[in-house]
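Presented below is the structure to which this report refers.
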Amino acid sequence: MPDRTYYITTPIYYVNDVPHIGHAYTTIAADVAARFKRLAGYDTFFLTGTDEHGINVERVAQRNGVTPQAWTDRVAAEFRTLWEVLNISHDDFIRTTEPRHERVAAGLFQKLYDQGDIYLGKYEGWYCLSCESFYLESELGPERTCPVHVGRKTEWTAEESYLFRLSKYQDWWLRYVAEHAGSIEPEARRNEVTSFVRSGLKDLSVSRSTFTWGVPVPFDRRHVIYVWIDALTNYISALGYPDGARFTRFWPASVHLVGKEIVRFHAVYWPIMLHAAGIAVPEQTFAHGWLTFGGQRFSKSLGIVIDPAALAREVAAEAGVDVPIAVDALRYFLLREIPFGADGDFNKAALVHRFNADLANDYGNLLNRTIPQVERHFGGAVPAPGPSRGNDGLLRETAASVAEGLDALITRLDFSRALGEIWRLLSVANKYLDEEAPWRSIKTDRERAGTALYNTLEAVRIATVLLSPWLPTATTRVWEQLGIGSPLSSQRLDDARRWGGLAPETRVRPGTPIFPRIEKAKDGARGPGDVKAAADVAQRSKTEEPEATRVGNSISIDEFRKLDIRVAEVLEAARVPNTDKLIEAKIDLGGEVRTIITGLVPQYQPEELVGKRIIVLANLEPRRVRGVDSHGMLLAAEWEGQVALLTVEKNAPKGARIT
Ligand code: ME8
């Protein structure tokens, strides 16, 4: 058994809401981390589940004319089905109505009561029914509305309640967090909860007596355990606390992944309860930001819901791929686009853009540009590499440094940087292939062409292993095309750290492109930027131009977004021999170097261009100019025979996108 363990959890989701893309966001992130840690050789356990008690569930069941249990069975099944569609690899799915859970929740409550940390008292305060939580007057929104559920009025609630002596542990908590700063991430969230605790912890109401749908307090059946105390216990009940083998093996959790609105429960109440009960506290709570749509948080009550499965079906239809590939694209997009921790607005046009620019162009195309060459010139068998020279070293070193750094980035849950790193390797590989151009060198130097193909495919092999946590389906298909005998699932991070794992003579298996570009809507009426999966059409129409108002040559914002226009810096420039106007420029698009042929002479001389920040249309189809491939177009203003290059203010960095 590996000596390193990794235990990651998602919140257990309420069953009074339908599963939506916000839930998918956390669960996909946890899945990628779990898959990556398995790849890296950690003994990994990944838990998700459903939070099934509480007055909200009781009420929704009543409204639907079913028992709470029948209701929770139905919604829990919906969550499970969604996780299957999204390729979630959880090791267990805990439901708080299961006896294995109720036993542990009641046992912990009893223990805290027996030792005097829980006592009978009265609780009064402003209570939000949606959060099932009390708030201080100072935390409320206008007209005493909930700080999380905007517009929802809180109610002054007073009831007999068991209370947990939270206040007793305030100093312990402050000391603990001061000594274990990394136990709450990101820092902004740590500061937020620290100032909450500093402002003074009040004892916490931990039971309810006004409804019955919950775990009964074992020594007082008039009460049920407060849903949050019940729910938090899932993280240990699923492991078989107190003496289950899984508990011994995996507790304390490496990370509780949660949305930022529930950080207080996880980072303050939960560790204090555990500490009071003599149980080790989790290593970390990581609170990510909110996914919004048109600036608003997804919420059923506001009618802003995107069903991720419907979205994946939509993307699949538009791209002409099957649903698992569209799911991969969604998994990739959510973790690439928004730095993990920050809020981000969901935008389908951006998803389509990432599909085309990153998955189709940078990753998929690398395969399409190599496998047919191996077929044509080497009878389908991967050529053995010849002596190393030129750019070979850079490609190898990039692969090594990318593979080396990833585990630490995943430990920090920095998914977007981790993907940025893998894309650094893909860009170097693309550039390497552009420059080596084996389709040309095959005519003069067969060995060199073979080496270039080998090295590129080896970079694809490494990138594929590294990408497998994000793209479980697509990487398996790439692996099949590479023709490698041992399955991708048997690969480990170490296999990606070693250059040369692709055996010469491996027989490639050409297939159809895995990520074909999404060109336009296949069903006519709407473009690929629209989210048909969003239930709320009214929300959408605010931000979109109606079809009917499009006139003449105007283009839609989605069409404009297809243009990948970026800031670049000119690294080198030289005249193209025997031409009047042409300059061959090497430009840096922020880690990606390209060659562009541009007609700027006599307005600009090559040496004037070097070092300039310019603007480039980066996704123009490559063109062959005087035997050189040009990858993009420099943008310039032209008038009365004059030409002026476009540039950018504020020293915007290379690679920055023009939007
Ligand atoms: O809070 N953006 O359950 P819940 C990002 N049962 N993440 C989102 C999101 C959004 N718009 N919407 C939901 C509960 N989430 C409790 C948890 S745990 C012991 C008990 C994700 O169904 C995010 O992880 O309201 C958030 O914290 C969680 O779903 C809330 O799920």
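Along the sequence shown, the residues carry numbers beginning at 1. As the structure lists them, so they are numbered: ligands from 1, and atoms in each ligand from 1. Since we're looking at a predicted model, the values are computed, not measured.
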Would you mind checking which non-hydrogen protein atom is closest to [atom], with the distance to 0.1 Å?
atom                    : value
atom 8 (C) of ligand 1  : Gly22 O, 3.3 Å
atom 11 (N) of ligand 1 : Leu291 O, 2.9 Å
atom 17 (C) of ligand 1 : Ile12 O, 3.2 Å
atom 26 (C) of ligand 1 : Glu261 OE2, 3.0 Å
atom 22 (O) of ligand 1 : Tyr14 N, 2.9 Å
atom 31 (O) of ligand 1 : Tyr13 CD2, 3.5 Å
atom 19 (C) of ligand 1 : Tyr235 OH, 3.4 Å

For [X] and ligand 1, does the shortest N/O to N/O distance drop below 3.5 Å?
X      : result
Thr26  : yes
Asp51  : yes
Ile262 : no
Gly259 : yes

Hey, are the side chains of Tyr7 and Thr44 touching, using non-hydrogen atoms and a 4.5 Å cut-off? no
Using only atom types and a distance under 3.5 Å, with no angle test, would you say the side chain of Trp213 pairs donor to acceptor with the backbone of Glu52? yes
Are there more than 12 heavy atoms of other residues, nucleotides or ligands under 6.0 Å from atom CZ of Arg417? no
Just checking, Arg208 and Tyr226: is the charged tip under 6.0 Å from the six-membered ring centre and within 45° of the axis? yes
Ring of Trp270, cation from Arg264 - is the NZ or CZ under 6.0 Å from the centre and inside 45° of the axis?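 Negative - Arg264 is either too far from the ring of Trp270 or too far off its axis.
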